[in-house]
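What follows is a short report on a single structure.
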Amino acid sequence: EEEYDVGIEVLEYVVANSGILEEQLEAEEQRMKVLVKIKPELDKIDQEYQQIFEKYGLSTLTYSLQIAYNDFIAFKKKDPDTAILNLKVLSDTDLNRFEKARVKMKLADILVYTQKFNQALIYYSQIQKRVQGNILAQQARFKVARTSYFKGDFKWAQIQLDVLKKSTSQLISNDAMELSLLISDNSVEDSTQTALRKFAKADLLSLQERPNEAISILTDILANHKGEAIEDEALLRRAKLYKQQAKYDKAEADYLAMIEFFKEDILADDAYFFLAQLYENQLEQPERAQEFYEQIVFNYPDSIYFVDARKRYRSLRGDTIN
């Protein structure tokens, strides 16, 4: 609920008072994740991690904390090479196959971040083989698809996503379904997939936390690929990036454009919901928020946002919700 100070206080209590080592380590990991989220002093956070490892040691017991630490090194301190070396060493220690799978998953994620796609694909494939039937294998298959998408190998990405759709549906994330639709919808009219390749590049830049470059590419798509199927996707992605940058007026304009021109499209409910959230939480216009939540409640009963939209709509309307 973004009550970070309270959360940290509770986690520190667990660390100080639990007699179970696993609980202490879990609390330490969660506490550090919160600190990474809310504190800009990266060197101080690094020092705190070092103090934790001095206390508990660098062993298989702290493997999950070590994964979190190397995530911090790669994505916050922008030192992916060091994180890659650390995780390779960790993957060679006496971990069970599921623990090794989690280490290799993070390693592969960082390799994707550095655009070492082929190396990442090797690790994802290893995970699929070694933990077959586990949700980790399903996650790895999706990441194979996403990495292939970043590479521009849309055919192989779609094959992986088709396999996921045939497997246990509960294991299929919304991200997998969204990516499948994105590729299929934008491969029919444009055999060269020019706009889709640009879009994939923008998604990679977003992953690399380079939002201005991503926005530039999305703006290019909107200017040079008008009337193509990808136009609504580009508007939605750009609006999300503007929101992350606190450029709320620009985000609002893109969501409104989505609703004006693509209200019959499959992504229309996304635009209504995200715009309602923007009005409620950032622009502080609850009446407008209620209006757009209402659209989902009455016009999009099959939307994945329906339950949340109904709850927020009733709350803003002043209903008593048990």
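The basis for the numbers below is simple: all heavy atoms, side chains too, and nothing from hydrogens, waters or symmetry mates. All of these numbers come straight from a predicted model, not from anything done at the bench.
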If two hydrophobic side chains count as joined below 4.5 Å and joins carry through other members, does F53 share a cluster with L42? yes

All side chain to side chain donor-acceptor pair (under 3.5 Å) counterparts of Q295, not counting sequence neighbours: N299

Hey, does L241 have a side-chain heavy atom less than 4.5 Å from the side chain of L218? yes

Using side-chain contact (heavy atoms from CB on, under 4.5 Å), reason through V34 and Q30 one step at a time and then give a plain yes or no. CA-CA 6 Å; V34 175; Q30 296 302 326; 5.7 Å; no

Is it true that atom CG of D5 has more than 12 heavy atoms of other residues, nucleotides or ligands lying nearer than 6.0 Å? no

Those residues at least two apart in sequence (or on a different chain) that pass side chain to side chain donor-acceptor pair (under 3.5 Å) with S18 are E23

Any side-chain donor near an acceptor of the partner, Y279 and E291, under 3.5 Å: no

Testing the basics here: between A74 and A83, what is the closest heavy-atom pair and its distance to 0.1 Å? CB-CB, 3.8 Å

Answer yes or no: are there more than 12 heavy-atom neighbours, outside E41 itself, under 6.0 Å from its atom CD? yes

Taking T62 for the side chain and S59 for the main chain, is one N or O donor matched with an acceptor at less than 3.5 Å? yes

Is the shortest heavy-atom distance from the side chain of K100 to the side chain of R97 under 4.5 Å? no

For a quick test of reading the model, state the closest non-hydrogen atom pair linking F142 to A176 and the distance between them. CE1-CA, 3.4 Å

On a heavy-atom basis, the closest approach of I296 and Y272 is CG1-CB, 3.8 Å

Within the 4.5 Å heavy-atom criterion, are K311 and V307 side-chain neighbours or not? no

For N96, does the CG atom sit with more than 12 other heavy atoms under 6.0 Å from it, leaving out its own atoms? yes

Going from CG on D254 to CG on L235, what distance comes out if it is rounded to the nearest 0.5 angstrom? 5.0 Å

Gap separating the OG atom of S187 from the CZ atom of F154, nearest 0.5 angstrom: 7.0 Å

Crowding at CD1, I266 (>12 non-hydrogen neighbours, <6.0 Å): no

Would you confirm whether N70, through its side chain, and Q66, through its main-chain N or O, come within 3.5 Å as a donor-acceptor pair? yes

Compare all side-chain heavy atoms of H225 with those of T194 and state whether any distance is below 4.5 angstrom. yes

Applying side-chain contact (heavy atoms from CB on, under 4.5 Å), run through I221 and E233 and close with a yes or a no. CA-CA 10 Å; I221 291 172; E233 296 273 6; over 6 Å; no

ILVMFWY cluster, I304 and L275 together (side-chain gap under 4.5 Å): yes

Check: S148 side chain, D153 main-chain N or O, donor-acceptor pair, under 3.5 Å: no

Within this structure, what is the OG1-CG distance for the pair T114 and D109, rounded to the nearest 0.5 Å? 11.0 Å

May I ask you to decide whether R317 forms a salt bridge with E294, counting only side-chain N to carboxylate O separations under 4.0 Å? no

Report the C-alpha distance between F274 and F292 in whole Å, list the side-chain angles of each, state the deciding distance to 0.1 Å, and finish with yes or no for side-chain contact (heavy atoms from CB on, under 4.5 Å). CA-CA 9 Å; F274 295 143; F292 286 96; over 6 Å; no

Other residues, nucleotides, ligands: >12 heavy atoms within 6.0 Å of Q50 CD: yes

Going by atom types alone, do Y69 and D46 pair a side-chain donor with an acceptor below 3.5 Å? yes

Could you identify which residues cluster with L95, counting Ile, Leu, Val, Met, Phe, Trp and Tyr as linked when any side-chain heavy atoms lie under 4.5 Å apart, either directly or through a chain of such contacts? Y63, I67, F75, I84, L87, L90, V103, L107, I110, L111, Y113, Y123

Counting C-beta onward and ignoring hydrogens, is there a side-chain heavy-atom pair between K39 and K44 closer than 4.5 Å? no

First locate atom CG of L267, then atom CG of L182, and finally report the distance between them rounded to the nearest 0.5 Å. 9.0 Å

Single-linkage hydrophobic cluster, 4.5 Å side-chain cutoff, L136 and I122 together: no

Heavy-atom closest contact (A214 atom, S206 atom, distance): CB-OG, 3.6 Å

Tightest non-hydrogen contact, residues I217 and K198, listed as CG2-O, 3.3 Å

Pair E209-K76, side-chain contact (heavy atoms from CB on, under 4.5 Å): steps then yes or no: CA-CA 10 Å; E209 297 184 1; K76 296 301 180 182; 4.2 Å; yes

Can a salt bridge be assigned to the pair D43 and K77 using a cut-off of 4.0 Å between side-chain N and carboxylate O? yes

Going only through I, L, V, M, F, W and Y residues with side-chain contacts under 4.5 Å, is there a path from Y56 to L11? no

Please say whether more than 12 non-hydrogen atoms of neighbouring residues, nucleotides or ligands are located less than 6.0 Å from NZ in K78. yes

For the atom pair CG (L181) and CG (N186), what is the distance rounded to the nearest 0.5 Å? 10.0 Å

Is L207 linked to L196 within one hydrophobic cluster, defined over Ile, Leu, Val, Met, Phe, Trp and Tyr using a side-chain heavy-atom separation of less than 4.5 Å? yes

Quick check for you: to the nearest 0.5 Å, what is the distance between D203 atom CG and K201 atom NZ? 11.5 Å

With a cut-off of 6.0 Å (strictly less than), are more than 12 heavy atoms of other residues, nucleotides or ligands near OH of Y13? no

Those residues that, when tested against Q245, pass side chain to side chain contact (heavy atoms under 4.5 Å, CB included) (two or more places apart): P211, N212, I215, Y242, K247

Taking the side chain as every heavy atom from C-beta outward, state whether W156 and L121 have any atom pair closer than 4.5 Å. no

Using side-chain heavy atoms (C-beta onward) and a distance below 4.5 Å, is I73 in contact with Y49? no

Residues forming a salt bridge (Lys or Arg N to Asp or Glu O under 4.0 Å) with K104, sequence neighbours excluded: none

State whether a side-chain donor-acceptor pair under 3.5 Å links Q47 with Q51. no

Can you sort out the partners of R31 under salt bridge (Lys or Arg N to Asp or Glu O under 4.0 Å), two or more places apart, ordered by chain and number? E28, E48

Using modelled atom types only, decide if a donor and an acceptor are shared between the side chain of E231 and the backbone of G227 within a distance under 3.5 Å. yes

Closest heavy-atom pair, V14 versus A27, reported as atoms and distance to 0.1 Å, is CG1-CB, 3.8 Å

Aromatic centroids of Y300 and Y305 separated by under 6.0 Å: no

Please tell me whether R102 and S64 have a donor and an acceptor in their side chains that are separated by less than 3.5 angstrom. no

So that I can tick it off, tell me whether R237 and E178 are bridged by a salt bridge, with the cut-off set at under 4.0 angstrom between side-chain N and carboxylate O. yes

